[in-house]
Peer 1: 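I'd like to ask you about the structure that follows.
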Amino acid sequence: MCGIAGILNFKAGSVDPALLRKMIDIIRHRGPDDLGFHLQANVGLAHARLSIIDLAGGHQPMHNGDKSLWVTFNGEIFNYVEVREQLIRRGYRFSTLSDTEVILHAYAEFGEHCVHEFNGQWAFAIWDNKSHKLFLSRDRLGVRPLFYRVTPETFTFASEIKSLLALPGVPRELDLIALDQIFTFWFPIPPRTAFKEIKELPPGQSLTVEEGVVTTKHYWSPHFEPPQNHVREQDYADELRDLLLDATRLRLRSDVPVGAYLSGGLDSTLITALIRQCTGVRLKTFSIRFDDPEFDESPYQQEVVRFLETEHREVRCTHADIGRIFPDVIWHAEKPVLRTAPAPMFLLSKLVRERDYKVVLTGEGSDEIFGGYDIYKEAKIRRFWGVRPDSRVRPLLLKRLYPYFPNLQQQSVAYLQAFFHARPQDLLSPFFSHLPRWELTSRLKIFFSEAVRAETRSYDAYADLKALLPRAYPGWDLLFQAQFLEAGYLLPAYILSSQGDRMAMAHSVEGRFPFLDPRVVDFAAGLPATLKMKVLNEKYLLKLCAKELVPPRVLKRPKQPYRAPEGKSFFHDRQPDYVDELLSPASIRSGGIFHTDVVGKLVQKFRDGRAIGVKDNMALTGIISTQLILNQYIQNFGRRYTDA
């Protein structure tokens with residue numbers, strides 16, 4: 001993994017090397033092992049390297065033999081060996097053993113369609129000297145980030161937003177429409193980001209800049225279309241096991257040691273078991289242990305460690321730890337977040353790096369593609385209830401689904417029906433599966449200031465997202481629609497970003513995800529819904545595939561979503577100093593985003609111990625993280641940049 005940056009001047013004039021240096025210096029955490037630049041005429045490319053493959057020969061920016069192509073690349077092409085062999089047969093000669101050189105020759109051979117040859121996770125930029133064209137691409141699922149800014153004079157891009165904000169003349173201002181989206185969906189809808197004038201290249205898209213014209217195009221998107229033929233369940237399970245084993249094998253390609261995250265759930269346990277099958281050696285595993293038993297999964301983790309005989313390390317995470325590191329978490333996340341869950345992942349990657357590991361395999365992506373989230377079961381129950389609104393069984397099932405939300409257990413049937421949007425008319429919404437989550441999140445907008453509410457009052461976030469849905473979406477099964485929303489948006493914009501790339505790369509650690517191998521994703525998309533969720537048994541086929549590879553107790557345990565302590569992390573005996581400062585009436589008023597009096601009442605609820613439920617905790621986390629963005633990126637960017 002690495003950090004990349006670049007400048008293309010549309011008008012005559014060379015790129016200022018000092019600006020390019022400034023862009024890459026601020027993201028050296030992504031690539032502390034090497035630094036490289038390429039400048040010619042009106043284009044400049046920069047690269048901060050985390051050396052993983054071809055440690056000696058992989059210096060970037062890299063050029064091909066005649067220097068007609070230059071690339072700066074963040075990520076891994078896992079099937080680079082196979083693509084390399086294909087290119088050699090076509091007459092290409094290689095001077096390194098790196099996957100970076102494979103990208104260059106694949107582009108020379110296939111042009112922009114080269115991305116279809118790659119099985120990997122990437123964000124790269126290629127400068128084509130002959131056509132004077134800049135070509136950028138981001139991987140299918142959006143594992144690796146890529147941001148850009150366009151003005152009449154320049155096109156600039158980078159792995160992180162802070163590189164662009166470090167340039168002179170770039171406005172450091174929150175995008176209020178993006179903020180409205182975050183306080184609805186948990187993420188801004190790409191290409192919009194939390195900052196005005198800064199865009200994100202969406203997953204599965206490429207971008208070209210030619211003669212000052214910027215063009216983006218989709219080369220891939222999730223598509224759910226199960227075949228009509230009937231295949232035995234066990235045959236599906238066997239095929240899935242073979243695919244996952246090969247996806248894991250490819251992701252073990254590395255010239256440095258590889259470890260694994262171990263949560264104690266099915267997904268990470270299965271990946272750890274497959275790594276053991278591929279290598280036959282004792283694996284180093286890493287996990288988070290919470291002091292608070294409500295969030296702790298360490299008993300399951302220890303059972304897996306004994307079963308698979310891994311060499312295990314864990315980081316203990318307290319409420320105080322989360323509060324203490326939260327400013328650093330937000331500096332790396334580069335957008336407001338509504339949950340504290342990224343913070344323990346920040347601590348986990350720190351542990352990995354301290355143990356001299358740069359690469360870890362994890363179980364991310366499984367819940368999205370195999371139907372593992374509670375939201376999928378919830379939508380199924382709600383649909384049944386919407387068809388039979390007089391049912392007394394469905395509301396009981398919803399209560400059983402969320403035992404970790406005690407407030408829910410006390411609510412009436414009428415309340416549950418309204419809260420969960422289980423009325424017949426709700427079935428007509430294209431976002432039926434996500435309505436309860438998004439409507440609950442939208443209630444947090446009561447904390448917005450009058451000015452922000454006036455600015456966003458006529459804005460309809462649902463309409464913007466609806467316009468991006470694929471043409472076939474209305475005909476998909478309800479489960480497939482929910483999976484599309486999760487895999488196409490929440491996964492790249494939150495799970496793989498705020499909890500993934502940003503928290504790992506803060507400590508120069510690369511995450512790899514076998515479940516997101518495009519072959520596995522396409523296989524899962526082609527499964528009948530009943531093999532993903534049989535009645536209310538989630539990830540049915542994956543469990544069938546894993547039954548002989550993981551401990552029986554892990555296979556049968558109920559799904560426990562990954563969560564972290566929230567309100568208690570900011571209000572406790574060793575409360576961080578910044579909390580009072582950020583939530584003070586003067587700071588809230590100065591920021592202009594939130595209503596001083598409404599925030600004050602929420603803060604008092606937490607001080608008095610009266611704050612309850614998801615809404616209060618999300619509101620507090622969202623307000624603090626937004627205030628940190630204002631503090632670090634708007635008001636004190638120069639100072640925070642220097643400290644970083």
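By convention here, the first residue in the shown sequence is residue 1.
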Peer 1: What are the two closest heavy atoms between Phe187 and Ala493, and how far apart are they?
Peer 2: CB-CB, 3.4 Å

Peer 1: Is there a donor-acceptor contact under 3.5 Å from the side chain of Asn631 to the main chain of Leu628?
Peer 2: no

Peer 1: Any side-chain donor paired with an acceptor under 3.5 Å for Thr441 and Lys615?
Peer 2: no

Peer 1: Drop me the distance from Phe432's CZ to His434's NE2, to the nearest 0.5 angstrom.
Peer 2: 12.0 Å

Peer 1: Considering all heavy atoms of both residues, which atom of Thr340 and which atom of Pro565 are nearest to each other, and what is their separation?
Peer 2: OG1-O, 2.6 Å

Peer 1: Just by distance, do the side chain of Gln483 and the backbone of Ile369 share a donor-acceptor pair under 3.5 Å?
Peer 2: yes

Peer 1: Indicate yes or no: at least one non-hydrogen side-chain atom of Ser625 is less than 4.5 angstrom from one of Ile330.
Peer 2: yes

Peer 1: Charged N to carboxylate O under 4.0 angstrom, Asp501 versus Arg30?
Peer 2: yes

Peer 1: If you measure from the Lys or Arg side-chain nitrogens to the Asp or Glu carboxylate oxygens, is any gap between Asp517 and Arg251 under 4.0 Å?
Peer 2: yes

Peer 1: Starting at CZ of Phe307, measure out to CG of Leu549 and round the result to the nearest 0.5 Å.
Peer 2: 8.0 Å

Peer 1: If you compare all heavy atoms of Arg574 against all heavy atoms of Ala320, which two are closest, and at what distance to 0.1 Å?
Peer 2: NH2-CB, 3.8 Å

Peer 1: Step by step, work out the ring pair (Phe, Tyr, Trp, His ring centres under 6.0 Å) result for Tyr578 and Phe326.
Peer 2: CA-CA 10 Å; Tyr578 69 85; Phe326 202 63; 7.5 Å; no

Peer 1: Mind checking the CD-CG spacing from Gln560 to Leu266? Nearest 0.5 Å is all I need.
Peer 2: 14.0 Å

Peer 1: How far apart are the closest heavy atoms of Ser569 and Pro576, and which atoms are they?
Peer 2: O-CD, 4.2 Å

Peer 1: Would you kindly say whether His312 and Gln301 are connected by a side-chain donor-acceptor distance under 3.5 Å?
Peer 2: no

Peer 1: Any chance CZ of Arg400 has more than 12 other-residue heavy atoms, nucleotides or ligands included, within less than 6.0 Å?
Peer 2: no

Peer 1: Tell me whether the NZ or CZ atom of Arg607 lies within the 45° cone about the ring axis of Phe571 and under 6.0 Å from its centre.
Peer 2: no

Peer 1: Are more than 12 heavy atoms, taken from residues, nucleotides or ligands other than Asp608, located less than 6.0 Å from that residue's CG atom?
Peer 2: yes

Peer 1: When you measure from the centre of the six-membered ring of Trp331, is the NZ or CZ of Lys162 under 6.0 Å away and within 45° of the axis?
Peer 2: yes

Peer 1: Do any N or O atoms from the side chain of Arg353 and from the backbone of Ala506 form a donor-acceptor pair under 3.5 angstrom?
Peer 2: no

Peer 1: I need the single residue from Ser366, Ser263, Ser287 that forms a side-chain hydrogen bond (donor to acceptor under 3.5 Å, both in side chains) with Ser268. Which is it?
Peer 2: Ser263

Peer 1: Check this for me, if you would: do Arg557 and Glu297 make a salt bridge, where the nitrogen-to-carboxylate-oxygen distance has to be below 4.0 angstrom?
Peer 2: yes

Peer 1: Please report the closest heavy-atom contact between Gly591 and Gln635, naming both atoms and the distance.
Peer 2: CA-NE2, 4.4 Å

Peer 1: CG/Asp374 to CD/Glu378 distance, rounded to the nearest 0.5 angstrom?
Peer 2: 8.0 Å

Peer 1: Just so I know, are the side chains of Leu361 and Tyr261 near enough to count as touching, which here means a heavy-atom distance under 4.5 Å?
Peer 2: no

Peer 1: How far apart are the C-alpha atoms of Lys559 and Asp367, what are their side-chain angles, what is the distance that settles it, and do they pass the salt bridge (Lys or Arg N to Asp or Glu O under 4.0 Å) test?
Peer 2: CA-CA 10 Å; Lys559 170 69 179 175; Asp367 286 314; 2.7 Å; yes

Peer 1: Could you tell me whether a side-chain N or O of Lys380 sits under 3.5 Å from a main-chain N or O of Val535, the two making a donor and an acceptor?
Peer 2: yes

Peer 1: Under the 3.5 angstrom rule, does the side chain of Glu538 hit a backbone N or O of Gly371 as a donor-acceptor pair?
Peer 2: no

Peer 1: Sub-3.5 Å donor-acceptor pair from the side chain of Arg241 to the main-chain atoms of Cys545, do we have one?
Peer 2: yes

Peer 1: Any sub-3.5 Å donor-acceptor pair from Asn537's side-chain atoms to Tyr540's backbone N or O?
Peer 2: no

Peer 1: Flag the pair Arg276 and Glu309 as a salt bridge only when some basic side-chain nitrogen lies within less than 4.0 angstrom of an acidic carboxylate oxygen.
Peer 2: yes

Peer 1: Under 3.5 Å, is there a donor-acceptor pair between the side chain of Arg382 and the main chain of Trp385?
Peer 2: no

Peer 1: I'd like to check Tyr562 versus Met345 (side-chain heavy atoms, cut-off strictly below 4.5 Å). Are they in contact?
Peer 2: yes

Peer 1: When rounded to the nearest 0.5 angstrom, what distance separates CG in Leu531 from CG in Leu541?
Peer 2: 5.5 Å

Peer 1: Would you give the length of the straight line joining atom OG1 of Thr272 to atom NZ of Lys284, rounded to the nearest 0.5 angstrom?
Peer 2: 14.0 Å

Peer 1: Does Glu439 come within less than 4.0 Å of Arg443, counting only side-chain N to carboxylate O?
Peer 2: no

Peer 1: Measure the shortest side-chain to side-chain distance between Ile161 and Tyr633 over non-hydrogen atoms and say whether it is less than 4.5 angstrom.
Peer 2: no

Peer 1: Between Arg512 and Thr362, is there a side-chain heavy-atom distance shorter than 4.5 Å?
Peer 2: no

Peer 1: Would you say the side-chain atoms of Arg289 pair up with the backbone N or O of Asp296, donor to acceptor, closer than 3.5 Å?
Peer 2: no

Peer 1: For a 4.5 angstrom cut-off between non-hydrogen side-chain atoms, does Arg313 reach Leu351?
Peer 2: yes

Peer 1: So Leu338 and Thr621, side chain to side chain contact (heavy atoms under 4.5 Å, CB included) or not? Walk me through it.
Peer 2: CA-CA 5 Å; Leu338 303 178; Thr621 306; 5.6 Å; no

Peer 1: Hydrogens and angles aside, do Tyr373 and Glu368 bring a side-chain donor and acceptor to less than 3.5 Å of each other?
Peer 2: yes

Peer 1: So Phe515 and Phe370, would you call those rings parallel, tilted or perpendicular, with 30° and 60° as cut-offs?
Peer 2: perpendicular

Peer 1: Are Arg253 and Phe78 close enough, and set up right, to give a side chain to side chain contact (heavy atoms under 4.5 Å, CB included), and what steps lead you there?
Peer 2: CA-CA 7 Å; Arg253 287 177 169 170; Phe78 298 119; 5.7 Å; no

Peer 1: Are Glu566 and His319 linked by a side-chain donor-acceptor pair shorter than 3.5 Å?
Peer 2: no

Peer 1: Ignoring hydrogens and angles, state whether a donor on the side chain of Tyr494 or Gln499 is under 3.5 Å from an acceptor on the partner side chain.
Peer 2: yes

Peer 1: With a 3.5 Å distance limit and no angle check, can you tell me whether Asn74 reaches the backbone of Cys2 through a side-chain donor-acceptor pair?
Peer 2: yes

Peer 1: Begin with the C-alpha distance, continue with both residues' side-chain angles, and end with the deciding distance and a verdict on side chain to side chain contact (heavy atoms under 4.5 Å, CB included) for Trp438 and Leu465.
Peer 2: CA-CA 12 Å; Trp438 291 349; Leu465 187 56; 3.6 Å; yes

Peer 1: Can you check whether Leu348 reaches Phe286 side chain to side chain, under 4.5 Å on heavy atoms?
Peer 2: yes

Peer 1: For the residue pair Gln627 and Ser587, confirm or rule out a side-chain donor-acceptor distance under 3.5 Å.
Peer 2: yes

Peer 1: Would the Phe346 and His507 ring centres measure less than 6.0 Å apart?
Peer 2: yes

Peer 1: Using the side chain to side chain contact (heavy atoms under 4.5 Å, CB included) rule, take Leu602 and Ile623 through it: C-alpha gap first, then chi angles, then the decisive distance, then the call.
Peer 2: CA-CA 10 Å; Leu602 177 69; Ile623 292 166; 3.9 Å; yes

Peer 1: Closest approach of Val258 and Leu283, non-hydrogen atoms and distance?
Peer 2: O-CD1, 3.5 Å

Peer 1: Among all residues two or more places apart in sequence or in another chain, which pass the ring-ring contact (aromatic ring centres under 6.0 Å, His included) test with Phe183?
Peer 2: Phe448

Peer 1: Do Phe513 and Leu496 come close enough that some side-chain heavy atom pair is under 4.5 Å?
Peer 2: yes

Peer 1: Who pairs with Asp33 by salt bridge (Lys or Arg N to Asp or Glu O under 4.0 Å), at least two apart in sequence or on another chain?
Peer 2: Lys358

